[in-house]
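Worksheet for the structure shown next.
When reading the values below, keep in mind they use all heavy atoms of this one structure, side chains included, and skip hydrogens, waters and symmetry mates.
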Amino acid sequence: MEYLLRNDIDFEASVRGALQSVDFGQNEAAYSVGLTSFQTIRRIIISQIIPVAIPTLTNTTIGLIKNSSVVSVIGIMEVTRSSLIASQVKYTFFEGYLAAAAVYWVFSIFIEFVFGRAEKYSGRYRRTV
């Protein structure tokens with residue numbers, strides 16, 4: 001339970017930091033052109049938060065995968081336990097743990113790829129300084 005709360009705090013801090021990166025002048029500008037507060041949040045604020053929040057959310061998600069058995073929640077048999085069972089039969093512990101590490105590594109690369117594409121897509125209109 002403590003682990004889930006800690007990760008929830010990390011996610012919240014990522015989103016809060018991204019929200020604080022948006023200048024308050026954006027709200028004033030939206031108000032001056034006649035946008036409602038909902039339209040301001042949806043069209044301006046969220047579109048500026050997403051490219052800022054994605055890198056930190058990626059790191060938090062990968063940390064969550066590395067520090068817990070998220071793979072079992074997704075529906076796959078827990079990798080570390082299954083590698084230990086297979087290793088005990090043939091006494092090949094190094095190969096078993098190497099296979100488990102490879103599975104976690106591939107899963108982390110997949111998560112990095114998905115978040116990288118999302119970051120590239122969400123930041124395509126972002127002006128570089």
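- Taking the side chain as every heavy atom from C-beta outward, Arg42 and Phe38 approach each other to under 4.5 Å.
- Linking Ile, Leu, Val, Met, Phe, Trp and Tyr residues whenever their side-chain heavy atoms come within less than 4.5 Å places Ile54 and Ile111 in a single cluster.
- Here the shortest heavy-atom pairing between Ala29 and Ser32 reads O-OG, 2.7 Å.
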Item to complete: Using the side chain to side chain contact (heavy atoms under 4.5 Å, CB included) rule, take Tyr31 and Thr40 through it: C-alpha gap first, then chi angles, then the decisive distance, then the call.
Response: CA-CA 8 Å; Tyr31 180 71; Thr40 302; over 6 Å; no

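- The shortest non-hydrogen separation linking Ala53 to Ser14 is CB-O, 4.4 Å.
- Between Ile45 and Leu19 there is a side-chain heavy-atom pair separated by less than 4.5 Å.
- Annotation: the span from Thr61 atom OG1 to Phe11 atom CZ amounts to 4.0 Å, rounded to 0.5 Å.
- Atom OG in Ser47 sits 8.5 Å away from atom CD in Gln26 (nearest 0.5 Å).
- For the pair Ile44 and Asn27, the minimum side-chain heavy-atom distance is 4.5 Å or more.
- In this structure, Gln20 contributes its side chain and Gly17 its backbone to no donor-acceptor pair below 3.5 Å.
- With rounding to the nearest 0.5 Å, the separation of CZ in Phe110 from CZ in Phe115 is 10.5 Å.
- By the criterion of side-chain heavy atoms lying less than 4.5 angstrom apart, applied directly or through intervening Ile, Leu, Val, Met, Phe, Trp or Tyr residues, Ile41 is grouped together with Ile50 in one hydrophobic cluster.
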